[in-house]
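Quick note: residue numbers are just sequence positions, from 1. Note that the coordinates shown come from a computational prediction; the quantities given were computed from them, not determined experimentally.
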Amino acid sequence: MIPSYHMRMTYLLEEDVEDFETAWELGAVRARGERIPKGATDTSLLLYHEIGRHAKWLRQLIERVGRDHCHVVVFDDWRDKPKRTYREALDFIGVPDDGRKRFKKRLPSRIYKNRLLHRMVFRPPGLERLADSVQLDRLGKPMRSRLKRLRNRLVEKNSDRHNVPTLSAGMRARLHDEFASDIEELAGLLSRDLSHWG
């Protein structure tokens, strides 16, 4: 999950280090507020050591809202039994089943072909000033729709589907060591065996 998340942060231009292992190593430095990518909107999004602590975040949520108000969907269930998992979520929130039988993969891993073009499309220079001075709302719905379609076409042309890179055995072992106790706690919180996650 963490290497995939890193790839997503890179695609969204929150992360400027494209190599996962290098970005992982920057964790302690970034926690001190150093080596933060220019334009990052929230530095906590880059603290991969913390992002992967599912038990920690679930425990905090349960403490705040109560276990009865939490419905946890484990990715393994969504991948292996999407129809059942979907219906269980609908039951939890009290929404009737819409009869859906097919569940398409929505966001395949992607990476940009050209970082500069990607930055120009996602975070055009001076956009904040333009929004303040011209107020994009005044462009009218048809113009905003055309601009959105143009942006989406540019993003699509400049994007490639990309598999998450395979981790080295050493990095895989480090991630296992980092998150083993969290996975064990999560298994307890969910009352299920997650030993295959290691």
Side-chain angles (χ1 to χ4, degrees), residues 1-15 41-42 44-48 50-112 118 121-123 131 136-164 175 179-198:
M1 174 262 174
I2 299 297
S4 177
Y5 173 82
H6 164 262
M7 182 182 288
R8 187 70 182 154
M9 290 299 97
T10 303
Y11 185 75
L12 295 176
L13 299 171
E14 294 291 333
E15 175 64 84
T41 57
D42 183 348
S44 68
L45 296 175
L46 303 175
L47 303 178
Y48 304 110
E50 287 297 308
I51 293 293
R53 298 195 185 289
H54 300 306
K56 174 184 176 179
W57 305 120
L58 179 58
R59 183 176 11 86
Q60 287 181 11
L61 178 63
I62 290 170
E63 288 168 359
R64 288 192 179 172
V65 302
R67 184 65 179 99
D68 292 345
H69 296 286
C70 298
H71 177 76
V72 178
V73 176
V74 177
F75 178 76
D76 303 14
D77 298 336
W78 183 248
R79 178 195 61 216
D80 299 338
K81 297 174 185 160
K83 190 173 174 182
R84 186 178 93 189
T85 306
Y86 177 67
R87 285 187 175 156
E88 288 171 354
L90 292 178
D91 287 344
F92 179 77
I93 60 174
V95 174
D97 185 4
D98 61 1
R100 184 176 313 203
K101 293 181 178 16
R102 295 181 62 211
F103 301 89
K104 292 189 283 186
K105 188 175 181 180
R106 299 293 294 183
L107 287 174
S109 296
R110 304 170 89 184
I111 196 65
Y112 43 75
H118 192 67
V121 171
F122 262 90
R123 296 189 182 169
L136 293 176
D137 296 1
R138 293 184 184 176
L139 291 177
K141 190 173 181 179
M143 179 59 83
R144 286 197 313 271
S145 294
R146 274 188 238 129
L147 288 172
K148 187 175 181 179
R149 283 195 304 273
L150 174 61
R151 177 185 184 265
N152 290 344
R153 276 199 302 262
L154 285 170
V155 167
E156 191 60 38
K157 291 284 186 194
N158 192 42
S159 296
D160 264 341
R161 291 175 189 234
H162 191 72
N163 292 327
V164 178
L175 289 174
F179 296 115
S181 62
D182 191 79
I183 292 170
E184 187 177 330
E185 181 184 356
L186 184 63
L189 287 170
L190 299 178
S191 300
R192 66 185 287 170
D193 179 15
L194 298 175
S195 58
H196 62 287
W197 282 17

Q. Is the backbone of Asp77 close enough, under 3.5 Å, to the side chain of Thr85 for a donor and an acceptor to pair up by distance?
A. yes
Rounded to the nearest 0.5 Å, what's the gap from [atom1] on [X] to [atom2] on [Y]? Could you check?
X	Y	atom1	atom2	value
Arg8	Thr10	CZ	OG1	10.5 Å
Asp76	Trp197	CG	CH2	6.0 Å
Tyr112	Leu12	OH	CG	10.5 Å

Q. What do you reckon, is CZ of Arg84 surrounded by more than 12 foreign heavy atoms closer than 6.0 Å?
A. no
Q. Is Lys81 atom NZ crowded by more than 12 heavy atoms from other residues, nucleotides or ligands, each under 6.0 Å away?
A. no
Q.
What verdict does the side chain to side chain contact (heavy atoms under 4.5 Å, CB included) test give for Asp160 and Arg110, after you've listed the backbone C-alpha separation in whole Å, the side-chain angles of each residue and the deciding distance to 0.1 Å?
A. CA-CA 5 Å; Asp160 264 341; Arg110 304 170 89 184; over 6 Å; no
Q. When you check the side-chain N and O atoms of Tyr86 and Asp98, is any donor under 3.5 Å from an acceptor?
A. yes
(Q) Distance alone, cut at 3.5 Å: any donor-acceptor contact between the side chains of Glu14 and Thr41? (A) yes
Q) Heavy atoms, side chains only, cut-off 4.5 Å: are Lys148 and Asn152 in contact? A) yes
Q | Within-4.5 Å side-chain heavy-atom neighbours: Trp57 and Glu50 | A | yes
Please output the side-chain donor-acceptor pairs of residues 63-75 that fall under 3.5 Å, not counting sequence neighbours, one pair per line with the distance.
| from | atom 1 | to | atom 2 | distance (Å) |
| --- | --- | --- | --- | --- |
| Arg67 | NH1 | Cys70 | O | 3.1 |

Please find the pair of heavy atoms, one from [X] and one from [Y], that lie closest to each other, and give the distance.
X	Y	result
Leu194	Ile183	O-CG2, 3.8 Å
Phe103	Pro82	CD1-CB, 3.8 Å
Tyr5	Ile51	OH-CD1, 3.7 Å
Lys101	Lys83	CG-NZ, 4.3 Å

Q: Kindly assign one of parallel, tilted or perpendicular to the pair His118 and Tyr11, based on the angle between their ring planes and the thresholds 30° and 60°.
A: tilted
Q. Between Arg53 and Asp182, does a salt bridge (Lys or Arg N to Asp or Glu O under 4.0 Å) hold up when you go through it step by step?
A. CA-CA 6 Å; Arg53 298 195 185 289; Asp182 191 79; 5.0 Å; no
With a 3.5 Å cut-off and sequence neighbours excluded, list the donor-acceptor pairs that the side chains of residues 184-191 form with protein atoms.
| from | atom 1 | to | atom 2 | distance (Å) |
| --- | --- | --- | --- | --- |
| Glu185 | OE2 | Arg59 | NE | 2.5 |
| Glu185 | OE2 | Arg59 | NH2 | 3.4 |

